[in-house]
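Reading through the structure tokens given below for one structure.
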Amino acid sequence: MKICVIGTGYVGLTTGAVLADLGHEVHCVDKNKLKIEKLLEGEIPIYEPGLKKLIVRNKKRGLLHFSTDIQGVMKDCPILYITVGTPTNKDGSQNLTAIIEVINTIVQTTITSHKTIITKSTVLPGTNEWIHQSLIEKGIDSSMFDVVSNPEFLREGNAVFDMMNPDKIVLGARRTKPIEIVKTLYEKLHAPYIITSLTGAEMIKYASNAFLATKISFINEMARICDAYNVEISHIANALGTDKRIGPYFLNAGLGYGGSCFPKDVRALEYAAKQKNIVPEMLMAVQNVNDSQIDLYIDKLVNKLTSLDGKKMTVWGLSFKPETDDIRESRSLLLIDKLLERGAEIHAYDPIVHLFEPAITIHQDMYESIKGADALIIATEWNQFKTVDWKKVKDFMKGNILVDGRNIIDPKIVTSHQFHYIGVARK
Ligand code: UGA
């Protein structure tokens with residue numbers, strides 16, 4: 001099948017590469033010339049494990065192409081995937097500029113054959129119905145296209161694996177014919193199908209992310225309570241996880257959730273509920289817990305150091321989670337902002353992210369970054385932070401405070417090196 005994937009961000013590139021690997025002829029298009037030039041030269045604009053290998057392999061096989069000629073490619077392909085960004089405004093409403101541009105490009109392309117338009121971008125309930133209506137209002141005959149909502153559930157850092165091994169494939173459409181077409185695209189994948197309406201598919205995506213965010217805020221609230229009762233939170237999480245109705249995942253307490261999805265999607269679902277005069281009490285509570293989670297650690301630091309003014313703090317981890325270079329709504333950066341506000345001098349190290357941020361000093365070496373530090377804060381759970389030489393760290397630092405923002409370090413080990421360990425609900 002000849003496929004056009006519009007938008008070469010995390011979702012678009014992974015979708016294109018995986019579809020090509022499944023044997024389809026895929027053309028990834030983007031209006032960003034520089035990005036496409038780089039992709040044509042073999043440079044991958046994001047860090048995503050396994051993605052480069054997949055792109056190189058399928059380019060060689062002649063199944064994966066990159067172009068800025070969006071209309072030319074669209075004209076040729078019966079399948080169009082929309083994978084453009086859909087950022088959320090501060091009030092939770094969605095910025096649909098990129099989607100509107102895609103609609104206009106489809107309209108400007110003289111369509112002579114049927115198009116199955118598959119939306120993978122996360123869009124608020126009702127958006128795909130609106131896309132359908134917009135295309136008709138702009139003059140495209142309804143017999144010439146179908147819109148399918150096919151949200152994706154891949155995690156950054158595991159994107160290729162997740163797309164190759166989905167738990168489910170959600171398809172929403174107005175009729176069954178386009179569903180059958182999309183099923184043929186995925187025939188090599190083994191996953192149950194959930195077939196629903198356009199709006200139903202959109203809602204599943206938001207419900208999934210909101211539920212996962214709820215799990216995280218729940219365990220973070222439990223951690224606060226456990227802290228007060230001197231109870232180890234991992235014991236609680238492990239016990240909860242054995243209950244099949246709860247499941248063991250997304251119960252890691254720490255600095256809270258960040259990234260390009262959970263914060264914006266929970267905010268957007270709250271907005272969508274309020275648009276219908278529903279007060280989403282739980283969604284608001286989930287966000288409140290998450291928003292105040294960083295302050296919990298700041299308070300613990302202040303408790304120990306009295307003032308953060310002029311203190312040298314080293315932050316390990318800048319990405320919003322390990323195995324990605326994505327820093328969107330990273331908890332680490334939010335924490336750094338709050339530390340800077342209190343007058344701290346910030347040094348930072350991340351294995352992949354190399355920011356230019358004049359207010360902080362970025363180091364290329366993790367041990368260099370801690371020289372003379374009063375406190376070390378682990379903000380992202382990169383594997384290399386789990387196996388450090390604590391004696392060396394202690395010798396390099398001036399102070400002895402270790403803030404474990406992801407509860408990944410065994411307090412026993414670091415306290416044996418005379419560290420003062422700050423986590424949440426750790427014994
Ligand atoms: C999330 C979902 O997990 C994907 O299913 C979904 O497709 C994606 O959003 C999306 O909507 O595109 P992602 O944002 O890549 O994926 O990352 P997650 O692994 O879900 O982590 C999100 C945040 O939650 C991270 O900041 C992570 O550190 C935090 N987290 C996760 C916790 O604080 N505790 C946990 O137990 C798990």
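Start at 1 and go down the list; that is how both ligands and their atoms are numbered.
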Exercise for review: Verify the distance criterion only: is there a donor paired with an acceptor across the side chains of S416 and W390 at less than 3.5 Å?
Suggested key: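 Short answer, no.
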Point to revise | Short side-chain donor-acceptor distance under 3.5 Å, N128 and E202 | key: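 Yes.
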If you have a sec, work out which protein heavy atom is nearest [atom] and how many Å separate them, to one decimal?
atom: atom 34 (N) of ligand 1; value: N252 O, 3.0 Å
atom: atom 32 (C) of ligand 1; value: I216 CD1, 3.6 Å
atom: atom 33 (O) of ligand 1; value: R406 NH1, 3.2 Å
atom: atom 15 (O) of ligand 1; value: E156 N, 2.7 Å
atom: atom 5 (O) of ligand 1; value: F153 O, 2.8 Å
atom: atom 8 (C) of ligand 1; value: L154 O, 3.4 Å
atom: atom 37 (C) of ligand 1; value: F250 CD2, 3.4 Å
atom: atom 17 (O) of ligand 1; value: K321 NZ, 3.1 Å

Do [X] and [Y] make a side-chain contact, defined as non-hydrogen atoms from C-beta onward lying under 4.5 Å apart?
X: Y10; Y: T324; answer: yes
X: R174; Y: V147; answer: no
X: V29; Y: D69; answer: no
X: T119; Y: I131; answer: yes
X: R331; Y: N290; answer: yes

Practice item. State whether the number of non-hydrogen atoms from other residues, nucleotides or ligands found under 6.0 Å of M284 atom CE is greater than 12. Key: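 Enclosed: over 12 neighbouring heavy atoms sit under 6.0 Å from CE of M284.
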Exercise for review: Would you indicate whether F211, at its atom CZ, is surrounded by more than 12 heavy atoms from other residues, nucleotides or ligands within a distance under 6.0 Å?
Suggested key: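 Counting other residues, nucleotides and ligands, CZ of F211 stays at 12 neighbours or fewer.
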Practice item. Pick whichever of C261, G317, S217 has a heavy atom sitting closest to atom 9 (O) of ligand 1. Key: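 It is C261 that holds the nearest heavy atom.
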Could you list the atoms of ligand 1 found under 4.0 angstrom from a heavy atom of [X]?
X: L251; value: 36 (O)
X: G258; value: 22 (C), 23 (C), 25 (C), 26 (O)
X: N209; value: 2 (C), 6 (C), 9 (O), 10 (C), 11 (O)

Any N/O of [X] closer than 3.5 Å to an N/O of ligand 1?
X: F262; answer: no
X: R155; answer: no
X: E152; answer: yes

Heavy-atom contact check, 4.0 Å cutoff: does [X] meet ligand 1?
X: K215; result: no
X: G259; result: no
X: R331; result: no
X: G254; result: no

Exercise for review: Go through the steps for R426 and E232 under the test salt bridge (Lys or Arg N to Asp or Glu O under 4.0 Å), then give the verdict.
Suggested key: CA-CA 5 Å; R426 301 303 300 284; E232 164 68 43; 3.2 Å; yes
Check your understanding: Quick one: are the ring centres of F66 and H27 less than 6.0 Å apart?
Key ->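 No, they do not, as the ring centres are separated by 6.0 Å or more.
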Exercise for review: Take Y81 and I3 through the test side-chain contact (heavy atoms from CB on, under 4.5 Å) and record every step on the way to the result.
Suggested key: CA-CA 7 Å; Y81 271 90; I3 297 170; 3.5 Å; yes
